[in-house]
Amino acid sequence: MPRILELPASEIVRKVKVQEISVEEYISECFERIRTADPKIHAFLTLTEDYALMRAREIDSRIRRGEKVGSLAGVAVAVKDNICTMGVRTTCASKMLESFIPIYDATVIERLKAQDAVIVGKTNMDEFAMGSSTEQSAFGPTLNPYDLERVPGGSSGGSAASVASFEATVSLGSDTGGSVRCPASFCGVVGLKPTYGLVSRYGLIAFANSLEQISPIGRTVADVATVMDCISGHDSRDSTSVNTGPTSLRSHLIEDVSGIRLGVPKELFGEGTEEAVSKGVWNAINRLIGLGATCEEVSLHSLKYALASYYIIAMSEASSNLARYDGLRYGFRLEDDDCDWSEAYSRNRREGFGPEVKRRIMLGTYALSAGYYNQYYLRAQRVRTLIRQELSRVFKNFDLLASPTMPILPYRLGEKLRDPLEMYMCDVDTVTANLAGIPAVSIPCSSHQGLPIGVQFMAPPFREDLLIRVSYTLEKNLELDLKPAV
Amino acid sequence: MKVNTHMAKEVITLEEVRRLAWLSKIKISKREERRYLNEMSEILEYFRMLDEIDTEGVEPTYHVIELVNVTREDAPQQTSPDSLLEIVPVMKGRYVKAPRIV
């Protein structure tokens, strides 16, 4: 594999600017790599090679003419297939949207293009982002680059696997309950879920609006910070977008954790946590202590209820969001000359949606229906308040909370597919950040039998700077022996 | 499957599963009804752990940020009706063909 594919985004930008290499050469190498690796891992649903090479040549000629280029000039980006790309099929890995071609770009895509990033393709995911393994894709699973018999995590499995296997330099995913941190952990890369409202959701196909954020994935903390600096910021087209003024996460790539107070919630090392994971995470925490951080175990009683609360809210919002798919104006439609509208919609939705999506729509409908609303939906939203309150209390004494990202190592394909609840349980450490709207990062911290292990840090709202600083310091001070198998 | 069907019946019934499918506008087969009953029972049983917390007087969090009405000028934006119509599955002339209503 050519060395250029292993370089961080900032190095690529530097090299193309001084014309040490051309964007065209580098992008061509990316597609060569995709042709070798993707038949094995299936990270992509759609490739945009012609477009990418055209963009590459255009950026090259601007550089040759001495014109100004953007902060991501030439960098190859893979984009999760639930983020709208103008003129490029956006399927949500669902039969329902198999032929859906958006007529506009999501705000994050506009911003990437404005900084001269090059989109190389759309990545595989669990259908409508509902799942934690990328096995629920209507177009077949993505496989873990570290072990092709194991899942890459989900739902942004394609985005994480493509970066881990050097098919793209960075990628975008979306994180509703851990959908970027989980695959980042399983694929040995860095994934950051921003504070709710920091990145525009305009053009992100909605699953659970109050929980989700578009989130960057990279092989290094610096790459993730670079992408965040490009995509974050106020957008008037998303009414939940927050105006924080200009921020630069790159300026927080500082190797210093002295005085940082880490809290370690006992509840996030629950009984389902595998020993190798626990050991790997503690190893990282101890490393930070050695570098000047302090650490104390804490108990956050309400976290025990986070998973149930999260799933009730996410399913309820999903049942409402996915009501729009009737196959009429776009999407999947069967012959319906012989039946009425109710029958027609019900047949389109039967054929267009996969089993997990149907299960969640029905459960969400149940939680919102008369007689059960108070018991499930309203109660879950109240528990969400209790969780937020407990977190804001604990953040008075601690700068960050540290825990495993995933309680378990990447598991074998099919292992958890038969029991939906068992699959949901894997999200136990990640959902809290979404319920509270706080930022969280997963970074590789250890490995066990060649499989990556991720540590998660959570911070108070808008304190991505702390996450970046601590992750960067850890990254610089850990010797990891991680090598993908593809 | 480790679902106790006796207990399952207390959480949700086959009748309710059928009604949910109807409300959700998703056609499901007899076999699927059974499967969903088992799976949904197990999941709802788990959700019921929230019953043990006292939430009396706690305000619900519908959204984590303070939501205020955001308005903008009612100005037309650039979109072409033609490109929108290109992705419509079934049309009659320039109209979207809908299924029979009555």
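In what follows, chains carry the letters A, B, and so on, assigned in the order in which the sequence lines appear, proteins first and then strands, with residues in each chain numbered from 1. Scope of the values below: all heavy atoms of this structure, side chains included, with no hydrogens, waters or symmetry mates.
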J.: Could you have a look at B:V64, B:I87, B:T71, B:L23 and say which one has the most heavy-atom pairs with chain A under 4.5 angstrom?
T.: B:V64

J.: Just checking heavy atoms, which of residues 52-59 of chain B are less than 4.5 Å from chain A?
T.: B:E52, B:I53, B:D54, B:T55, B:V58, B:E59

J.: Could you walk me through whether B:R35 and B:N38 pass the side-chain hydrogen bond (donor to acceptor under 3.5 Å, both in side chains) check?
T.: CA-CA 5 Å; B:R35 207 189 74 213; B:N38 286 336; over 6 Å; no

J.: Which heavy atom in A:D105 sits nearest to a heavy atom in A:Y202, and how many Å separate them?
T.: O-CE2, 4.0 Å

J.: Which atoms of B:E32 are under 4.5 Å from chain A, going by heavy atoms: the side chain, the backbone, both sets, or neither?
T.: side chain

J.: Tell me which of these, B:S83, B:P99, B:A21, B:S29, has more heavy-atom pairs under 4.5 Å with chain A than the rest.
T.: B:P99

J.: Any ion pair linking B:R48 and B:E45 (charged N to carboxylate O, less than 4.0 Å)?
T.: no

J.: If you measure from the Lys or Arg side-chain nitrogens to the Asp or Glu carboxylate oxygens, is any gap between A:D340 and B:R100 under 4.0 Å?
T.: no

J.: Measure distances from A:R388 to the heavy atoms of chain B and classify the residue's part below 4.5 Å as side chain, backbone, both or neither.
T.: side chain

J.: Does any backbone or side-chain atom of A:M425 lie under 4.5 Å from a heavy atom of chain B? Answer side chain, backbone, both or neither.
T.: side chain

J.: CG of A:L378 to CZ of A:R384: how many Å apart, nearest 0.5 Å?
T.: 12.5 Å

J.: Less than 4.0 Å between a side-chain N and a carboxylate O, is that true for B:K97 and A:D336?
T.: no

J.: Do the side chain of A:N348 and the main chain of A:D326 share a donor and acceptor less than 3.5 angstrom apart?
T.: yes

J.: Non-hydrogen atoms of chain B under 4.5 Å away: do they reach the side chain of A:A380, the backbone, both or neither?
T.: both

J.: Tell me, for A:F100 versus chain B, whether the close heavy atoms (under 4.5 Å) come from the side chain, the backbone, both or neither.
T.: side chain

J.: What part of B:L85 gets within 4.5 angstrom of chain A, counting heavy atoms only: side chain, backbone, both, or neither?
T.: neither

J.: Can you tell whether the side chains of B:R19 and B:E16 come within less than 4.0 Å, N to carboxylate O?
T.: no

J.: Inspect the contact between A:E127 and A:K358 and indicate whether a charged nitrogen and a carboxylate oxygen are less than 4.0 angstrom apart.
T.: no

J.: Where on A:I312 is there a heavy atom nearer than 4.5 Å to chain B: the side chain, the backbone, both, or neither?
T.: both

J.: Let's test your reading of the structure: which of A:G352, A:A367, A:S239, A:G197 forms the most heavy-atom pairs below 4.5 Å with chain B?
T.: A:S239

J.: Under the side-chain hydrogen bond (donor to acceptor under 3.5 Å, both in side chains) rule, what do A:T91 and A:E98 come out as? Steps first, then yes or no, please.
T.: CA-CA 5 Å; A:T91 68; A:E98 194 170 359; over 6 Å; no

J.: So which part of B:D51 gets closer than 4.5 Å to some heavy atom of chain A, the side chain, the backbone, both or neither?
T.: both

J.: Which region of B:Y62, side chain (C-beta onward) or backbone (N, CA, C, O), has a non-hydrogen atom less than 4.5 Å from a non-hydrogen atom of chain A, or is it both or neither?
T.: both

J.: Quick check for you: among A:E351, A:E317, A:K304, A:M362, which has the greatest number of heavy-atom pairs under 4.5 Å with chain B?
T.: A:M362

J.: For B:V96, is it the side chain, the backbone, both, or neither that has a heavy atom closer than 4.5 Å to a heavy atom of chain A?
T.: side chain

J.: Determine whether A:R237 and A:S200 satisfy the following criterion, side-chain hydrogen bond (donor to acceptor under 3.5 Å, both in side chains), listing intermediate values before the conclusion.
T.: CA-CA 8 Å; A:R237 292 176 297 189; A:S200 168; over 6 Å; no

J.: Start with the C-alpha gap between A:D175 and A:N434, add the side-chain angles, then the distance that decides, and say whether side-chain hydrogen bond (donor to acceptor under 3.5 Å, both in side chains) holds.
T.: CA-CA 8 Å; A:D175 191 311; A:N434 303 79; 3.1 Å; yes

J.: Say whether, by atom type as modelled, one donor and one acceptor occur between the side chain of A:E267 and the main chain of A:L303 under 3.5 angstrom.
T.: no

J.: So which of A:A344, A:S319, A:P355 has the largest heavy-atom pair count under 4.5 angstrom toward chain B?
T.: A:P355

J.: Would you please indicate if the ring centroids of A:F128 and A:Y325 are separated by under 6.0 Å?
T.: yes

J.: In terms of heavy-atom proximity below 4.5 Å to chain B, should A:Y377 be classed as side chain, backbone, both, or neither?
T.: side chain

J.: Among B:I28, B:I26, B:T61, B:N69, which residue forms the greatest number of heavy-atom pairs with chain A at distances under 4.5 Å?
T.: B:T61

J.: Are A:Y311 and B:F47, when compared by the centres of their aromatic rings, separated by less than 6.0 Å?
T.: no

J.: Would you call B:K27 and A:E343 a salt bridge, taking side-chain N to carboxylate O under 4.0 Å as the test?
T.: yes

J.: Out of B:V70, B:I101, B:L20, B:L84, which one racks up the most heavy-atom pairs below 4.5 Å with chain A?
T.: B:L20

J.: Is it the backbone or the side chain of A:L435 that comes under 4.5 Å from a heavy atom of chain B, or both, or neither?
T.: backbone

J.: With chain B, which of A:I438, A:D337, A:V383 has the greatest number of heavy-atom pairs at distances under 4.5 Å?
T.: A:V383

